[in-house]
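Shown next, in structure tokens, is the structure this report addresses.
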Amino acid sequence: MTTSAIRVRFAPSPTGFLHLGGARTALFNFLFARHHNGTFILRVEDTDQERSTGDSIQAIFDGLKWLSIDWDEGPFFQSERLELYRKVADRLLSEGKAYRCYCTSEELEERRKESLAKGIPPRYDGRCRDRSNFSEKPHVIRFRTPDLPQVVVHDLIRGDMKFNGNLLDDWVIIRSDGYPTYNFAVVIDDLEMQITHVIRGDDHINNTPRQITLFNALEAPLPHFAHIPMIHGPDRAKLSKRHGATSVMAYHEMGYLPHALVNYIARLGWSHKDQEIFSRQELIDYFDLDHVGSSPAVFNPEKLLWLNAQYIRNEDPSTLTNELLPFLKPVQHPFSPSSDGQGPDLPKIVEGWKTRVRTLVELADAVHPFRDQEFSISAEAHEKHLIPENQPLILLFLQRFLTVSEWTKENLEAVIGTIGLEQDMKLGKLAQPLRAALTGQNVSPGIFDVLLLLGREEVLRRLDKALTLIGPNK
RNA sequence: GUCCCCAUCGUCUAGUUAGGCCUAGGACAUCGCCCUUUCACGGCGGUAACACCGGUUCAAAUCCGGUUGGGGACGCCA
């Protein structure tokens with residue numbers, strides 16, 4: 001058995017919550033590591049002192065944890081590794097591969113605007129390259145980009161990408177506050193952590209040539225690069241807050257099952273033949289970079305909903321009930337469906353509902369009328385079924401249910417069957433008004449299950465209430 | 001503006017690496033039918049795509065070039 005030396009990392013910056021794109025990047029890295037029996041590392045890129053927050057760090061951990069994307073090493077924080085970056089910067093400085101720059105942000109900003117206005121690519125002009133008078137004034141350290149005609153990025157997903165070398169300028173590696181910049185810290189850490197495969201969003205493609213020249217300056221081997229396409233909103237722009245719910249935890253709150261989201265996200269940009277539904281193990285077994293596409297994907301909430309429904313229906317009732325608990329609304333007026341005073345059997349109610357809902361929030365709403373005497377009646381149910389024409393029918397149900405000897409499925413079937421014969425109505429016609437009166441909805445578990453779930457007393461109470469609602473008529 | 005990337009049904013995609021098995025397959029959504037002691041679930045079927053133009057080849061969704069369209073990056077952000 002050969003132990004694979006594959007090492008990958010997810011390197012979020014803690015400037016917000018974990019969003020779908022980040023979650024997918026994390027997932028692909030995680031799956032790649034697990035598939036190859038490698039190591040998955042979590043590294044927090046918190047070198048932006050102004051924007052990084054502790055809340056964001058926590059939010060990212062929460063998101064990963066909810067999705068069960070767990071890491072083997074870390075979390076490492078770049079803010080705790082400043083010495084390392086400083087040391088490498090000093091080495092580059094002493095080797096003449098980097099230099100101090102005293103230009104101020106304001107000056108640079110002005111020059112950038114000028115360039116942009118003239119339509120030429122903004123790049124640092126190198127004016128501090130050869131200055132020899134150092135002072136204690138605030139300064140940054142810049143990388144002395146070597147003259148190269150071309151930098152080629154070998155990408156596992158896109159093949160070779162060629163960049164014109166003289167488009168790269170002398171970029172900042174250490175800021176005036178002593179913190180490293182992104183492009184610098186990434187390279188140093190990927191090197192130090194012996195990352196073998198850099199799997200990240202393709203918004204980083206343009207950074208890669210810079211990073212490669214730095215790897216070369218350090219005489220270090222290059223990792224493999226794999227740039228995965230972005231996730232877009234319906235307007236085909238990069239997914240952002242503008243598009244509504246992009247935080248992973250928002251999906252938690254909306255009642256999605258974590259694995260449904262994982263499954264959905266995995267299929268955005270990756271595929272395995274025609275398969276749509278994957279267990280966690282299948283994801284690990286089948287995942288590979290070869291089948292990651294190169295074009296961006298538009299996020300489709302409808303399909304996510306469908307997937308979530310699949311997972312809800314395939315979950316066993318007791319597990320599902322546990323997941324449902326936090327979503328349940330408080331019960332104001334409890335009732336006991338059975339004569340022994342037992343409360344409603346939640347798993348049983350869930351069982352009846354699970355093929356009819358798509359989220360846990362929907363399930364919580366659906367379950368509520370089976371736990372509480374107070375429940376809302378939907379406008380559709382009211383307008384369609386709780387109407388004067390149905391008043392006699394509901395009254396008839398009320399009368400017959402009153403006299404049923406024992407509240408069993410068989411007896412109820414017999415009673416309703418009889419009513420059907422008498423009225424010359426099929427069950428379809430009978431069940432809907434009954435359903436509306438008992439649950440306030442047009443959709444519910446099978447009508448006999450509803451009757452049993454509620455118990456005679458509650459059924460009679462609700463029919464009576466429905467009659468009141470319809471009002472005296474005819 | 002400059003650089004880079006991308007391009008199969010409305011959407012996610014299979015097929016592209018090794019051109020023929022593709023009169024292009026699956027899934028979501030949508031439409032219709034069926035099942036059913038009921039709503040839903042489910043089953044069956046329909047509509048719907050290789051962006052465009054050239055080239056290579058006996059043969060191109062697949063290879064090459066260009067056009068168009070879309071996206072991303074151009075920070076002392078990541």
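Bear in mind that the values here come from a model prediction, so they are computed numbers and not experimental data. Hydrogens, waters and symmetry mates play no part in the numbers below; they use all other heavy atoms, side chains included. Chain naming here is simple, since letters A, B, ... match the order of the sequence lines and numbering starts at 1 in each.
- Taking atom CE of residue A:Met161 and atom P of nucleotide B:C6, one finds them 8 Å apart after rounding to whole Å.
- Looking at heavy-atom distances under 4.0 Å, A:Ser444 makes contact with a base.
- One can place OH of A:Tyr102 at 15 Å from C1' of B:C76, the figure rounded to the nearest angstrom.
- Among the atoms of the strands shown, base atoms are found under 4.0 Å from some heavy atom of A:Asn207.
- At B:U11, one or more side-chain N or O atoms of A:Arg236 fall inside 4.0 Å of OP1 or OP2 (strictly under the cut-off).
- A:Val172 comes within 4.0 angstrom of sugar-phosphate atoms only, judged by non-hydrogen atoms across all strands, and of no base.
- The side chain of A:Arg267 has B:C12 as its nearest neighbour among B:C12, B:A40, B:A78.
- Minimum atom distance to the side chain of A:Arg313 is reached by B:C41, of the listed B:C76, B:A27, B:C41.
- A:Leu307 has its CG atom 14 Å from the C1' atom of B:U11, to the nearest Å.
- A:His232 comes within contact range of the sugar-phosphate backbone alone, with a heavy-atom separation under 4.0 Å but no base atom that close.
- Separating the CG atom of A:Asn164 from the P atom of B:C3 is a distance of 9 Å, rounded to the nearest angstrom.
- Sorted by residue number, the list of members of residues 209-216 of chain A with any non-hydrogen atom under 4.0 Å from RNA chain B is empty.
- With both ends at atom P, the span from B:A24 to B:C9 equals 14 Å, rounded to whole Å.
- Residue-environment remark: NZ (A:Lys97) exceeds the threshold of 12 foreign heavy atoms within 6.0 Å.
- For the P atoms, the distance linking B:A18 with B:U62 amounts to 15 Å, nearest Å.
- Nucleic acid contact class of A:Thr355 (heavy atoms, under 4.0 Å, all strands): base.
- Nucleotide B:C3 forms a Watson-Crick or G-U wobble pair with B:G72, both donor-acceptor distances falling under 3.5 Å.
- Within residues 445-456 of chain A, the residues that have a heavy atom under 4.0 Å from RNA chain B are, in order of number, A:Gly446, A:Ile447, A:Phe448.
- Ion pairing between A:Arg51 and A:Asp46 fails under the 4.0 Å rule for side-chain N and carboxylate O.
- RNA chain B lies under 4.0 Å from at least one heavy atom of each of the following residues of residues 47-56 of chain A: A:Thr47, A:Asp48, A:Arg51.
- A donor-acceptor contact under 3.5 Å is formed by the side chain of A:Asp274 with the base of B:G25.
- Nucleic acid contact for A:Ser294: sugar-phosphate only, since backbone atoms but no base atoms lie under 4.0 Å from a heavy atom of the residue.
- Between the P atoms of B:C3 and B:G75, the separation comes to 16 Å (whole Å).
- If you take CG of A:Asn206 and C1' of B:G71, they are 12 Å apart, rounded to a whole angstrom.
- Ring-plane geometry between A:Tyr251 and A:Phe299 is classed as perpendicular, the angle between the planes exceeding 60 degrees on a 0 to 90 degree scale with a lower cut at 30.
- Between A:Arg43 and B:A78, a side-chain N or O to OP1/OP2 separation shorter than 4.0 Å is absent.
- The interatomic distance linking A:Asp290 (CG) with B:U17 (C1') rounds to 8 Å, in whole Å.
- When the P atom is compared between B:A51 and B:U8, the two are found 6 Å apart, to the nearest whole Å.
- Judged by the 6.0 Å distance and 45° axis criteria, A:Arg142 is positioned over the aromatic ring of A:Tyr124.
- On the P atoms, B:U56 is 23 Å away from B:U68, given to the nearest whole Å.
- Taking the C1' atom of each, B:A60 and B:G19 are spaced 6 Å apart, rounded to whole Å.
- Relative to the side chain of A:Asn300, the nucleotides B:U11, B:G72, B:C4 differ in distance, and B:U11 lies closest.
- Aromatic ring orientation, A:Trp71 versus A:Phe61: tilted (interplanar angle from 30° to 60°).
- If you find the closest nucleotide of RNA chain B to A:Lys162 and to A:His272, the one lying nearer the 5' end belongs to A:Lys162.
- Computed from coordinates, the A:Phe163 CZ to B:U2 P distance equals 17 Å when rounded to whole Å.
- Ring centers of A:Phe28 and A:Phe287: under 6.0 Å apart, within the cut-off.
- For A:His291, a side-chain nitrogen or oxygen approaches OP1 or OP2 of B:G15 to under 4.0 Å.
- Residue A:Gln432 is in sugar-phosphate contact alone, with no base atom involved, counting any heavy-atom pair closer than 4.0 Å across all strands shown.
- Among the protein residues, A:Glu302 comes within range of the sugar-phosphate backbone only, with heavy atoms under 4.0 Å from sugar or phosphate atoms but none that close to a base.
- For A:Thr181, taking side-chain heavy atoms from C-beta onward, the closest of the listed nucleotides B:C76, B:A40, B:C12 is B:C76.
- Residue A:Lys426 is the one, among A:Tyr182 and A:Lys426, whose nearest nucleotide of RNA chain B lies closer to the 5' end (criterion: closest heavy atom).
- A:Lys238 comes within 4.0 angstrom of sugar-phosphate atoms only, judged by non-hydrogen atoms across all strands, and of no base.
- Between the C1' atoms of B:G45 and B:G54, the separation comes to 41 Å (whole Å).
- Counting any heavy atom pair closer than 4.0 Å across all strands shown, A:Gly269 reaches sugar-phosphate atoms only and no base atom.
- Between A:Ser105 and B:C76, a side-chain N or O to OP1/OP2 separation shorter than 4.0 Å is absent.
- Counting atom types as modelled, A:Gln275 pairs no side-chain N or O with a base atom of B:G26 as donor and acceptor under 3.5 Å.
- With P as the reference atom, B:A78 and B:U17 are 40 Å apart, rounded to whole Å.
- The residue A:Arg123 sits apart from the nucleic acid: no heavy atom pair falls under 4.0 Å.
- Listed pair A:Arg435 / B:A40 fails the phosphate criterion, with no side-chain N or O lying under 4.0 Å from OP1 or OP2.
- Set against B:A78, B:G26, B:C76, the side chain of A:Arg112 has B:C76 as its closest nucleotide.
- What separates CD1 of A:Ile157 from P of B:U16 is a distance of 17 Å, to the nearest Å.
- Counting non-hydrogen atoms under 4.0 angstrom, A:Val443 reaches a base of the nucleic acid.
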